[in-house]
*Asks:* 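One structure is given below, represented as structure tokens, and several questions about it will come after.
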Amino acid sequence: MQRYILSRVFQGLIALLALSLIIFMSVHLSGDPALLLLPPEATTADYEQLRENLGLDRPILVQYGTFLLNAVQGDFGHSITTRRPARDVLLERIPATLQLAAVGMLLAVLMGVPLGILSAVKRDSLLDKGCKLFAIAGIGAPQFWVAIMLILLFGAILQWLPTYGRGGPSHFVLPAFVLAWSIMAGMMRLARSSMLEVLDSEFVKFARVKGLTERLVIWKHALRNAMIPLITFGGISLAGLLNGAIVVEVVFAWPGVGRLMLEGVAQRNFPIVEATVLTSGFFYILTSLFVDILYVYVDPRIRIE
Amino acid sequence: MAQQTAVTEVRVSRLGQIQRRISETKLPWVPIVILTILLVCAALAPQLSPHDPTDKDVINSRIAPFETSQYPLGTDILGRDMLSRLIFGARTTVYISLVALGTGMIVGTVLGLIAGYLGGIIGATIMRIADAVMGFPTILVALVIVVLLGQGTENIIIAVAVTVWARFARMIRGDTLSIRERDYVVLARIAGVSPPVIILRHIFPNVVNTLMVLTSLQVGQVILLEASLSFLGLGLAPGSPAWGIMVSEGRNVILDMWWLSLFPGVAITIVVMAFNFFGDWLRDYLDPKLRRA
């Protein structure tokens, strides 16, 4: 168990190192940062001075080391457009992304799991088929397009819901749904298949023979055992939600990390790109690590190779 | 010689088996028809489209669909024909996903075979790199690569291929590990057959099923990734006939010209769903064991 956790931590660290190296290289290969920072009237002497100040005259490996050391301490330099520390800009945006991810996750679980269970209990019914169609569409339809169509329908034609920005609870409905749909679909399918499997097992048959009510059999005996794969999937999805938010945040003008990342890319604002990509990557790795450990903990039957 | 005949016989009987199984199974006709239409559109885009997809015709701009027979699906703000743009969009989608998936598949398969057969430091290194790629969400990886390389068709293809190869490498390596221990591979090794020949002649044929299933299941993901990148403005040049770009162009005028975003989005959804259905069918047909994976 300890060895397993250690090797997973190690693996995550290597992945993060690779990401930081690529991000660092992308800044250095796509142009001289000193040229981006200098005003047009600057002289060659100014240029040399700035290069020295930024440490650009040192060997590239030393520069990477400095970059890494600063990044670990949360220092990503200053935003090129606003001159504010990239860390502060990033910190402002994190709550919006976390809120949206939490609401999306809640929606996916609260809708996906019960619908999946009902589909399994009432197998091949109209409800089962309807849920299946809903799930297939959720996996097939591109998020950005679904978002635009929902804006058209609920925002413009029916005028029921706000379509952009952050605000009251009604602002969450559309973005959270778009964010959650494909995960909801996965939850539903997984809940259905694991529930079917459990309903077919001996102990459920025994509970029925014992004369327990159908409700008790399903919600107490079967559900508890069908939950294990759902926990894993939920964890992986949560990690994905934090990052999958890029498209949703852009379409709904949600002031989160994903949108900041894309703005940074569009403006070639590299400190912002570095800060957002590395932080997202770090959280993603951390969450999947947590899920892997939780998985072993929840289900002791799992033996690690 | 005798051995040769035996092998041929086995092959013939297997072929017969496959033929019988095909005639017995229900083919997924709807996805097959949709995918055929997609491929025909992609191959014959210049012949099929009534107009040039980039031709601007300001006099005939903003025409709603189903109004004139000259522009059956309407025109956009610049007067470009929607139908022609959709057909050329099919070509863009097929081209990018085919090349990207093909590249990722070949690289992933070769590295997976090597990692599985040789193991050791080389194998471990390959798998650690694959783990690193798979440790992040695909869109993040693709975004970083686009930042690194800049925009353009080739770079989009590279970005998508980088996210895809790791999945192939991991799957193929797993298969190779078990095939490596089978008697005929062990015997070939004892007989002094060189590793490249063993991999090519004795291992590769046994991973083809996995490869086909994985490929068909990945197509939908690849199309969605390419469309998302194009939509975010990280993909092809603005104005290119690509479905993701078309949805994005229609976004700001969605109230006046709903058809601009609706049609390309429907096209993406239908094609992705068709590929997903086809992939599911192929998986169940070729290897029901993969269901859980």
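Worth saying up front: this structure is predicted, and the values here are computed from it rather than measured. Reminder, nothing fancy here: chain letters follow the sequence lines and each chain counts from 1. Keep in mind that the numbers below use all heavy atoms, side chains included, and drop hydrogens, waters and symmetry copies.
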*Asks:* Strictly distance-based, threshold 3.5 Å: is any side-chain N or O of B:Thr92 a donor or acceptor partner for the main-chain N or O of B:Pro241?
*Replies:* yes
*Asks:* Taking all heavy atoms of B:Met134 and all of B:Ala166, pick out the closest pair and write down the distance.
*Replies:*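 Shortest heavy-atom separation between B:Met134 and B:Ala166 comes out as CG-CB, 3.6 Å.
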*Asks:* Checking heavy atoms, do the side chain of A:Leu262, its backbone, both or neither come under 4.5 Å from chain B?
*Replies:* side chain
*Asks:* Is it the backbone or the side chain of A:Ile157 that comes under 4.5 Å from a heavy atom of chain B, or both, or neither?
*Replies:*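 A:Ile157 has no heavy atom closer than 4.5 Å to chain B.
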*Asks:* Looking at chain B, which one of A:Pro142, A:Ala156, A:Ala266 has the largest number of heavy-atom pairs inside 4.5 Å, strictly under?
*Replies:*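 So the answer, after comparing A:Pro142, A:Ala156, A:Ala266, is A:Pro142.
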*Asks:* Would you say the side-chain atoms of A:Arg93 pair up with the backbone N or O of A:Val257, donor to acceptor, closer than 3.5 Å?
*Replies:*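 Between the backbone of A:Val257 and the side chain of A:Arg93 there is no qualifying donor-acceptor contact (under 3.5 Å).
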*Asks:* Looking at A:Ile148, A:Ile139, A:Ile14, A:Ile285, which makes the most heavy-atom pairs under 4.5 Å with chain B?
*Replies:* A:Ile148
*Asks:* Select, from B:Val266, B:Val141, B:Ile270, the one with the greatest count of heavy-atom pairs under 4.5 Å involving chain A.
*Replies:* B:Val266
*Asks:* Strictly below 4.0 Å, N to O, side chains only: are B:Glu249 and B:Arg85 in salt-bridge contact?
*Replies:* yes
*Asks:* So for B:Phe277, is it side chain, backbone, both, or neither that comes closer than 4.5 Å to the heavy atoms of chain A?
*Replies:* side chain
*Asks:* Determine the interplanar angle of the A:Phe67 and A:Phe24 rings, folded into 0 to 90°, and report it as parallel if under 30°, tilted if 30 to 60°, perpendicular if over 60°.
*Replies:* tilted
*Asks:* Heavy-atom distances under 4.5 Å only: say whether A:Val146 touches chain B with side chain, backbone, both or neither.
*Replies:* neither
*Asks:* Please name the pair of heavy atoms, one in B:Thr75 and one in B:Trp259, separated by the smallest distance, quoted to 0.1 Å.
*Replies:* O-NE1, 3.1 Å
*Asks:* So what's closer than 4.5 Å to chain A heavy atoms on B:Phe231: side chain, backbone, both or neither?
*Replies:*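 Interface part for B:Phe231: side chain.
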*Asks:* Might you point out which heavy atoms bring B:Ala237 and B:Ile245 nearest each other, and give the distance in Å?
*Replies:*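 Nearest pair, atom of B:Ala237 first, then B:Ile245: O-CD1, 3.5 Å.
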*Asks:* Identify which of B:Leu232, B:Leu234, B:Asn276, B:Ile223 forms the greatest number of heavy-atom pairs closer than 4.5 Å to chain A.
*Replies:*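 Highest number of pairs under 4.5 Å: B:Leu232.
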